[in-house]
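Only one structure is covered here, and it is reproduced in the block below.
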Amino acid sequence: MSEKSQLPPSEPDESPSESDESPSARLARNFAELLQELRVQQAGVQILFAFLLAIVFTEQYPEQSLYVRGLHLVTMLCAAASSVLLIAPAVWHRILFRQQRREDILRQANRCSLAGSIFLAATMIGTVLIVAELAVGGWGAKLIGSITAVVFAGLWFIVPAFLRHDDELR
């Protein structure tokens with residue numbers, strides 16, 4: 001029987017409060033949480049990058065308009081930028097962790113994570129727009145791309161900004 005199953009149902013599995021943690025332990029926990037979040041994003045961007053790369057090697061690619069090929073290139077560049085930004089914190093940690101620089105790494109990694117998220121959203125929007133251009137083209141494709149952009153901006157950035165603002169008012 002595992003330890004969790006031995007707990008009475010009324011006792012939630014509690015993590016230590018921040019006031020109980022040493023600064024070093026808090027940094028380690030925060031960095032571990034950030035790396036876990038980055039793993040999710042990295043998997044998504046790597047799958048998209050592979051999909052976008054494969055498109056170039058199809059028979060239909062040379063027949064596509066300059067607009068679709070340009071959109072594809074910009075989307076590929078967004079995927080590459082997202083990959084660089086989302087992987088950088090792990091590389092920095094590997095290079096700098098023995099120099100007691102975890103706080104600096106965490107601060108910069110947070111910025112990279114947010115910037116990488118913006119490029120990941122742009123990659124996903126671009127991918128949807130490419131598919132919409134091939135499926136319906138014209139204004140319909142642009143409408144689909146615009147709706148996709150609004151959904152990403154809303155759920156990934158605007159809603160958290162409102163929640164953050166709401167927390168500050170309390």
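Everything quoted here is computed from the prediction, not taken from an experiment. Below, each value reflects all heavy atoms present in this structure, side chains not excepted, and no hydrogens, waters or symmetry copies.
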Original post:
Do you know which two heavy atoms are closest between Ile125 and Ala149, and how far apart they sit?
Top reply: CD1-CA, 3.5 Å

Original post:
How far apart are the closest heavy atoms of Gly154 and Pro160, and which atoms are they?
Top reply: O-CD, 4.2 Å

Linking I/L/V/M/F/W/Y whenever their side-chain heavy atoms sit closer than 4.5 Å, directly or via other members, would [X] and [Y] fall into one cluster?
{"X": "Trp156", "Y": "Val151", "answer": "yes"}
{"X": "Val40", "Y": "Val45", "answer": "no"}
{"X": "Phe152", "Y": "Leu155", "answer": "yes"}
{"X": "Leu38", "Y": "Ile95", "answer": "yes"}
{"X": "Leu27", "Y": "Leu96", "answer": "yes"}

Original post:
Can you list every pair that meets salt bridge (Lys or Arg N to Asp or Glu O under 4.0 Å) and has a residue in residues 107-126, with sequence neighbours left out?
Top reply: Glu103-Arg107, Asp104-Arg107

Original post:
Tell me the salt bridge (Lys or Arg N to Asp or Glu O under 4.0 Å) pairs involving residues 112-123, sequence neighbours left out?
Top reply: none

List, one per line, each side-chain donor-acceptor pair under 3.5 Å for residues 66-74, sequence neighbours excluded.
| unit_1 | atom_1 | unit_2 | atom_2 | d |
| --- | --- | --- | --- | --- |
| Arg69 | NH1 | Pro62 | O | 3.3 |
| His72 | ND1 | Tyr61 | OH | 3.4 |
| His72 | NE2 | Leu52 | O | 2.6 |

With a cut-off of 3.5 Å and sequence neighbours excluded, list every side-chain donor-acceptor pair involving residues 82-92.
| unit_1 | atom_1 | unit_2 | atom_2 | d |
| --- | --- | --- | --- | --- |
| Ser82 | OG | Gly116 | O | 3.0 |
| Ser83 | OG | Ala79 | O | 3.1 |

Subject >> By ring pair (Phe, Tyr, Trp, His ring centres under 6.0 Å) - contacts of Phe119 (at least two apart) >> reply: none

**OP:** Output all residues satisfying ring pair (Phe, Tyr, Trp, His ring centres under 6.0 Å) with Phe31, sequence neighbours left out; order by chain, then residue number.
**Re:** His93

**OP:** Measure the spacing between CG of Leu106 and CZ of Arg26 and express it to the nearest 0.5 Å.
**Re:** 11.0 Å

Original post:
Can you tell me how far CG of Leu34 sits from SG of Cys112, rounded to the nearest 0.5 angstrom?
Top reply: 9.5 Å

Subject >> Thr148 side chain near Met124 side chain, heavy-atom distance below 4.5 Å >> reply: no

Do any side-chain atoms of residues 126-147 form donor-acceptor pairs under 3.5 angstrom with protein atoms, and if so which ones, sequence neighbours left out?
| unit_1 | atom_1 | unit_2 | atom_2 | d |
| --- | --- | --- | --- | --- |
| Thr127 | OG1 | Thr123 | O | 2.8 |
| Glu133 | OE2 | Lys142 | NZ | 3.3 |
| Ser146 | OG | Lys142 | O | 2.8 |

**OP:** Could you note down all residue pairs passing side chain to side chain donor-acceptor pair (under 3.5 Å) where residues 34-48 supplies at least one of them, sequence neighbours left out?
**Re:** Gln36-Arg39, Gln41-Ser117

